[in-house]
Visitor: 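Below: one structure in structure tokens.
Each chain gets a letter, A, B and so on, in the order the sequences are listed, and its residues count up from 1.
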Amino acid sequence: MSQASIEVRDLVVRYGAVVAVRGVTFTVGAGEHLTLLGPSGCGKTTTLRAIAGLERPTSGEIRIGGSPVFSSSPAVNVPAERRGLSMVFQSYAIWPHMTVFDNVAYGLRVRRRPEAEVTTRVREALDLVQLGDLGARSASKLSGGQQQRVALARAFVFSPSVLLFDEPLSNLDAKLRAEMRVELKELQRRLDITSVYVTHDLEEALAISDRIVVMRDGVIEQVGTPAEIYDRPRNTFVADFVGSANLIRGRRRPDLERDGLVVIQTPGGALVHGISPDRRVGAEALVAVRTVRLRIDRVRPATPVNVWPARIRQRVFQGDFTQYHIDWEGRQLIVRSAAPEPMAEGDEVFVSVEPRHCVLLEE
Amino acid sequence: MSLPAVTHFERARSWRPGPRLVSLLVGGGAAVLVLYPIAYLIQASLSVGDPQARPPEAYGLANYADLGRYAHIFGNTLLVAAIATVLAVVVGFAMGWILSRTNVPGRAAFEQLMALPYYVTPLMGALAWALIGSPTSGFVNQIWRALGGDGHLIDINTPWGIAWVMALFEGAVAFVMIGAVMKSMDPALEEASQVLGASRLRTMLRITLPLVLPGVLGAAIFVFAEMLGSFSAALVLGLPNRFYVVTTAMYQLVSQYPPRFPTAAAMGVSLFAVMFAMVWVYRRIVSGGSYATITGKAFRPRVMDVGRLRWPFLGICLGYLGVAVILPVLTIVYASFQRLTAAFPRRDNFTLANYATALSLDAVRSALWNSLLLGFATASLGVVLMGFLAWLIYRSRLPGAGLIEYVLMFPQAVPRLVFAFGMLWAWLVFPIPIYGTLWLLLIAYLTVFLPLGLRTISGVILQIDRSLEESAQMCGATWGYRLRTVTMPLLKPGLVAAWLLLFIASVRELGASILLMGPKSKVITPAIVESWFSTSSELTAALALLQTLAVAAALAIMFAVARRAVQAGGE
Ligand SMILES: Nc1ncnc2c1ncn2[C@@H]1O[C@H](COP(=O)(O)OP(=O)(O)OP(=O)(O)O)[C@@H](O)[C@H]1O
Ligand SMILES: [Mg+2]
């Protein structure tokens, strides 16, 4: 299968007075699966459509497989149909006046492949998305999940060099979405095409990406692997958007720092040891601690640092885990624990966390 | 694998015969079609030398200053339009409310039937009501005298009569506009008022009325503008008493000898200016966000149980359809089989002679044939042209698409007669001699029906999700291929509807045809009007029915052929 790298440099997209994307730069390696993640209206779709060629950027440069497909100077703008990409739309965009087979065959027929080849390749594609026997069905008579599969098959059947996805799962119900997520990942690996995926769903992004680009208001907040994004958010926005985190504010104590750890002191005097993966911060600092990384114990754990006494104020049972609201240092911390025997409200406990889970944030 | 698609380098500046060029040519061409006649209309209105001279010998505003002499005509126009608007809006409001908000029996059927007045046309209505209500020979007055009455009970040849006929047909338009507003109102807004303890009457007055008021106002303005430019009812009913409105006065000025083109042009421009302003106000109201009633949420309009009032309401609905559709059609049918139309049928008065005469006249046969031919050509060319223009305006993202839309919707604000006057003037000097031929009529129809076709097709285009075309693009299809395989097939229902509307509208066109047809290129509707004034009303009735039957037959054939083609294609 063909693969192509994508380079996006200083991309700006303006709609009249609205600047939807304000100077975005990133690259997608050949064969890599990259996800654009961010809240609604942050410019993910716009970025994706600019790569596709459906939206004309105001300035910047986009290269696919090394050649520029858009550039503001010198002026280059290759139309979408000649960029050799393919895309799965949020609305699926299945043509209701064609059969499933004709929908999938479209890209091959556009490329004037012999009809025998069209038939075999469409069959293969339909089998791959588990719709083998639906070819003759009219596309207007499909369920949401089936439409989604047709859209997928249609997008990859003609071996594009890049696959673009715009929230392809957002119209499915929660259960089907979880299933399709797994299937999509499997398919991606099988096809081994470079892909750019847009979503505002964190779990989806973590599950299927090699790398994630987190966006806000048309700019990139952080780029990294799913683990990096989750465990080492760069700033409060990412920490907050990517799963739930406790934010602890304090003064830096460089005098106490050892073993590559940083230390901050809360207004109440507690010392928090954490890490600072090349973060630029001042004397005041924020530390993010994921709610699932905090531990609570009745007896004091034998770790030298990051152990504090606290009291359980409220307990909320949520099925897979129990969420505790804990009084600590005159504020509340949230802890999610999957431990089998629950603590009771009012219990005096010890909260602890490994320093590598306390990440210094830029503001 | 190599990547021919992306290694293919391209400069945006380099020339390529793409959608842009074609769009500019077609869009620009259509805009010229609209603006060229208007420019000539204005030129003619400023001509102050010899009225017959082309091009004008001198320019000035004298024709406009002279319009003071015709103040009574403008007064007539306003009077008729105002009365008719009030009547039409009352009809539209009542029918809209009854059919969308009450449980009157047969609601769904009535809603479909409300399209009928459109098919009857004001001309047929005017002819029928002339037979029913003219002071001496009108059926109603004959009956009145037979019952011992004196003189006449009603007189249709008055401003009131003209307004009455116009309102009957424009009432259906008002109904569509007002009914849509009522249906789009979230019933929760009214329910909230009732939950808070307000009575039904109070809810109606304090909630419902204010909410629908902008819509009703918009409909009133739209209808008023249409009335200002309407022609056929005023011609048929006003001429016998020499009662003129602007359009009929213009027609008179142009067709008398010697014609007074500049004066007519000045009248036309004045009317055009007023209508243009009204349509502008209408658009402002519609797009001004006063439609807070439309929430975008899906809901079913709440239907009110009106108890025994259902029956009077049913009476109102039947009554309206009776005077607007059933009575006129029956009258025309009856008259067409009479030797001398009389209110009281006598066996020896029935005859088929009118049909025999009508069909034996070469002039009638050729006019009917010309009309059908023109209708076919207008509809077929129009669908292709307007389909492309609609795509261009709403989908191509061509810079200036908004401007093109504005220009193409222009004819809506210009009475067809006024527009035709501009064309008459414009095409007389055109180097290719098309004046007096069917070609000129074809161009005229394509121009004046641009708004009709565009509106019909764009309604469908806007419902087609843009991503359906974009996904074809992402599959590598060029714009022509996309248009052919995705856009056009999806548009098919809209295109068929537009074809039918354009065909019917063309065959029945009067205002533009009456000025533009030449002695060797007659069409049927003006021929009917001519027959009304110069031969018998019975023969005219037969002609009107023949026209209707010809349209119906042509449509039936079209349907059969289309179905055959679809079946053949499917095998
Ligand atoms: N055609 C347009 N005209 C004007 N503004 C637009 C247009 N398309 C998008 N925008 C604006 O650009 C910004 C980014 O939009 P975009 O669709 O890229 O967001 P998104 O990140 O995909 O959001 P979502 O998750 O809701 O799909 C938004 O503020 C949006 O309102
Ligand atoms: Mg989006």
Visitor: Salt bridge between A:Arg109 and A:Asp102, side-chain N to carboxylate O under 4.0 Å?
Guide: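 Result for this pair is yes, salt bridge flagged.
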
Visitor: Give a yes or no on whether a salt bridge exists between A:Glu61 and A:Arg63, defined as a side-chain N under 4.0 angstrom from a carboxylate O.
Guide: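 Salt bridge between A:Glu61 and A:Arg63, a charged N being under 4.0 Å from a carboxylate O: yes.
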
Visitor: Out of A:Ala155, A:Ala80, A:Ala151, which one racks up the most heavy-atom pairs below 4.5 Å with chain B?
Guide: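 Going by pairs under 4.5 Å, I would pick A:Ala80.
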
Visitor: Just jot down the ring pair (Phe, Tyr, Trp, His ring centres under 6.0 Å) partners of A:Phe101, sequence neighbours excluded, or say none.
Guide: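 Scan of A:Phe101 (ring pair (Phe, Tyr, Trp, His ring centres under 6.0 Å), adjacent residues dropped) gives none.
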
Visitor: Could you check which of A:Phe158, A:Tyr92, A:Phe89 has the highest count of heavy-atom pairs closer than 4.5 Å to chain B?
Guide: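 Answer, by heavy-atom pair count under 4.5 Å with chain B: A:Phe89.
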
Visitor: Do other residues, nucleotides or ligands put more than 12 heavy atoms under 6.0 Å from B:Phe376 CZ?
Guide: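 No, not enclosed.
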
Visitor: Go through the atoms of A:Ile94 and report whether side chain, backbone, both or neither lie under 4.5 Å from a heavy atom of chain B.
Guide: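 Just the backbone, heavy atoms under 4.5 Å.
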
